[in-house]
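Each ligand, and each atom within it, is numbered from 1 in the order the structure gives.
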Amino acid sequence: MTLTGVEVAKHNDSKNCWVIIHGRAYDVTDFLPEHPGGPKIILKYAGKDATEEFEPIHPPDTLEKYLDKSKHLGPVDMTTVITEKMEESPDEKERQQRIAEMPLLEQCYNLLDFEAVARRIMKKGAWGYYSSAADDEITLRENHAAFHRIWFRPKILVDVEKVDFTTTMLGTKVDIPFYVTATALGKLGHVEGEVVLTRAARKHNVIQMIPTLASCSFDEIIDAAEGDQVQWLQLYVNKDRAITQRIVEHAEKRGCKGLFITVDAPQLGRREKDMRSKFTDPGSNVQNGQQTDNSQGAARAISSFIDPRLCWADIPWFRSITKMPIILKGVQRVEDVLKAIEAGVQGVVLSNHGGRQLDFARSGIEVLAETMPVLRELGLEDKIEIYIDGGIRRATDIIKALCLGAKGVGIGRPFLYAMSAYGFDGVDRAMQLLKDEMEMNMRLIGAASVEELNPSLMDTRSLFNHGSTPADNLAYAVYDPLVNPAQRAG
Ligand SMILES: Cc1cc2c(cc1C)[n+](S(=O)(=O)[O-])c1c(=O)[nH]c(=O)nc-1n2C[C@H](O)[C@H](O)[C@H](O)COP(=O)(O)O
């Protein structure tokens, strides 16, 4: 039986709450207290069409999987639904104007150009989620700044007519030593979400790491791959291990070639830009009488399932449930790299989650520089594949990582920004720019293949010296220079 918009609109409060998603009505009254994002955001759409808000945050099979069938109320005649077309706010009008004036794709010459465009044209909530990092975002900026403390010692008179920067990662041959790392909620930036990254990864023969918290369903992303395209799974371990086992076994069955267990997020970091952008709207009637839970940015809202008990004792269990190579993503000190080798995993990603977790964690490149000499001294450098991510924006950053001994690097935000601003063409251009930079810089450093990249090509003496810690933008923005009490009194 087809419902009308008027009928759905009658069920519009916390005692009786129906919503419309993709033209079908659902009774979510009983689900309100269980919603990881809190009841508030659902009640805002009680009795209305919630599709636009639902879409970027939830994979399409969410309601099928998690809402009892008895609550699926059937189709709604959408011609009878009164959509409150939010009168375009002045902000939205200005944003549309910036989109109309945005630079041509060809005017983006490097990965940071995409960030500049994305910042101007993305919706506040989406920009807040992608760009945010933990606390004062010092580590976010350190990730990029650390590369600027490493200088090259290039060789000359080397025949570099032919430069080959292909390599292998976990046994897969790739065109260039980077992969698309896991970044959640792809549909915040682009209506198609993560499958855009899948198509670009295929075109450039690089690997995509599929996030647990993708907007697209896992199977959609797998199905978007073609031929022998390789994908890895990034896993947030669920408190309910049976769910985790199901996810891992399904990923292996669907052909994933690596299990990247995220180990730096027993709780998601406090990302204030993300939190702020959740409450830029002038508030809504649903806050009346509701304890406003403003601790929820998108991150907190979608991550309450993550298990903070995850520990080294769990690794044998993971090895028992899958044949996929296991990589620990988010390792931040050499002692844990040694433990990872002992635990028998195949790799680590030296990473601080793009600065989104522990602020003042060191950059992946610095931890790499700490790690490799120790592994070489112990004769362990071939026992495990080492990756890094965080702040990689130039091919010279990739080359520095490989010179220090990394197998490859993960890149996150740049591809999100390129996708959000220009869709597939943006990601395609971003990857091609890196390939062009890689070819040029390998020639200029005097290396014809990745095998020739080694520590002697660099001067890393300043790398460990944090004298130039990134400016503390937030504190300086609010810092009150009036130090003399008399002045204050004035
Ligand atoms: C930018 C970004 C990064 C996220 C990310 C979402 C965004 C928008 N998310 S998060 O919401 O939970 O934090 C994930 C995630 O799902 N899982 C994960 O392992 N890393 C996550 N990361 C971290 C990512 O995998 C890389 O470690 C990080 O992005 C590398 O730094 P750059 O962005 O500077 O390349």
Side-chain angles (χ1 to χ4, degrees), residues 36 56-57 59 111-112 114-115 118 122 125-134 137 139-147 178-190 193-194 197 207-216 218 232-237 258-271 273-275 277 297-306 310 327-332 348-358 361 363-365 367 387-394 397-398 401 408-420 430 434:
I57 309 261
L111 266 50
L112 286 165
F114 290 105
E115 183 165 347
M122 288 181 77
W127 169 257
Y129 186 66
Y130 287 174
S131 63
S132 63
E137 303 195 337
T139 290
L140 169 75
R141 284 173 277 131
E142 166 63 7
N143 280 347
H144 185 54
F147 286 102
F178 71 74
Y179 57 85
V180 181
T181 190
T183 54
L185 303 188
K187 285 187 181 174
L188 279 179
H190 189 281
E194 289 80 5
L197 302 172
I207 296 170
Q208 176 189 20
M209 190 191 294
I210 300 173
T212 298
L213 294 174
S215 301
C216 296
F218 173 77
W232 296 331
L233 172 69
Q234 172 273 323
L235 182 75
Y236 274 136
V237 177
L259 174 62
F260 284 65
I261 302 173
T262 297
V263 295
D264 60 5
Q267 168 182 340
L268 284 201
R270 193 176 149 74
R271 302 139 189 198
K273 260 190 256 167
D274 174 35
M275 294 162 75
S277 61
R300 285 287 162 80
I302 59 175
S303 59
S304 50
F305 69 89
I306 297 174
L310 181 65
I327 293 79
L328 305 183
K329 177 178 184 288
V331 174
Q332 302 173 59
V348 293
V349 183
L350 305 178
S351 166
N352 50 51
H353 215 103
R356 296 163 73 82
Q357 289 302 105
L358 176 66
S363 64
I365 190 80
V367 178
Y387 298 89
I388 75 163
D389 73 23
I392 288 142
R393 302 295 181 265
R394 288 280 184 188
D397 300 334
I398 301 174
V409 303
I411 301 178
R413 292 180 181 87
F415 296 142
L416 285 177
Y417 296 144
M419 173 180 77
S420 303
L434 280 174

Taking the side chain as every heavy atom from C-beta outward, state whether Ser131 and Tyr417 have any pair of such atoms under 4.5 Å apart.
yes

Test Leu188 against Met122 for side-chain contact (heavy atoms from CB on, under 4.5 Å), laying out the working first.
CA-CA 9 Å; Leu188 279 179; Met122 288 181 77; 5.9 Å; no

So, does Thr262 use its side chain to make a donor-acceptor pair with the main chain of Lys329 at under 3.5 Å?
no

Looking at Phe178, is Arg393 sitting on its ring face, NZ or CZ under 6.0 Å from the six-membered ring centre and within 45 degrees of the normal?
no

When you compare the side chain of Glu194 with that of Ile210, does any pair of heavy atoms fall below 4.5 Å?
no

Kindly identify the option in Gln234, Lys329, Arg271 whose heavy atom sits closest to atom 20 (N) of ligand 1.
Lys329

Short version for Arg393: what comes under 4.0 Å of ligand 1, heavy atoms counted, is side chain

Side-chain donor-acceptor contact under 3.5 Å, Arg271 with Gln357
yes

Subset of ligand 1 atoms that lie under 4.0 Å from at least one heavy atom of Ser351
27 (O)

Proximity to ligand 1 by part of Arg413, non-hydrogen separation under 4.0 Å:
both

Polar contacts were defined as any N/O atom of the residue lying under 3.5 Å from an N/O atom of the ligand; does this apply to Tyr130 and ligand 1?
no

Hey, does Asp389 sit under 4.0 Å from ligand 1 if you only count heavy atoms?
yes

Indicate the ring-plane relationship of Phe260 and Tyr179, choosing parallel, tilted or perpendicular according to the 30° and 60° boundaries.
tilted

One should read off an interatomic distance between Ile398 CD1 and Ile411 CD1, to the nearest 0.5 angstrom, of 4.5 Å

Taking a cutoff of less than 4.0 Å between a non-hydrogen atom of the residue and any ligand atom, is Met209 in contact with ligand 1?
no

Can you confirm, on distance only, whether ligand 1 has an N/O atom lying under 3.5 Å from any N/O atom belonging to Pro414?
no

Need the ligand 1 atom indices (1-based, order shown) with element for anything under 4.0 Å from a heavy-atom of Gly354.
27 (O), 28 (C), 30 (C), 31 (O)

Give yes or no for whether the N/O distance cutoff of 3.5 Å, strictly under, is met between Tyr236 and ligand 1.
yes

Pairs of nitrogen or oxygen atoms closer than 3.5 Å, one from Leu416 and one from ligand 1: do any exist?
no

Mind checking whether Leu213 has an N or O less than 3.5 Å away from an N or O of ligand 1?
no

Proximal atoms of ligand 1 relative to Thr262 (non-hydrogen, under 4.0 Å):
18 (C), 19 (O)

From Leu213 atom CG to Leu268 atom CG, the distance as rounded to the nearest 0.5 Å:
7.5 Å

With side chains defined as the heavy atoms from C-beta onward, is the minimum distance between Leu259 and Leu235 less than 4.5 Å?
yes

Short list, please: which atoms of ligand 1 are under 4.0 Å from a heavy atom of Ala182?
4 (C), 14 (C), 20 (N), 21 (C), 22 (N), 23 (C), 24 (C), 25 (O)

For Ala184, the ligand 1 atoms whose distance to one of its heavy atoms is below 4.0 Å
5 (C), 6 (C), 9 (N), 11 (O), 16 (O)

Residue Gly390 vicinity, atoms of ligand 1 by number, heavy atom under 4.0 Å:
30 (C), 31 (O), 34 (O)

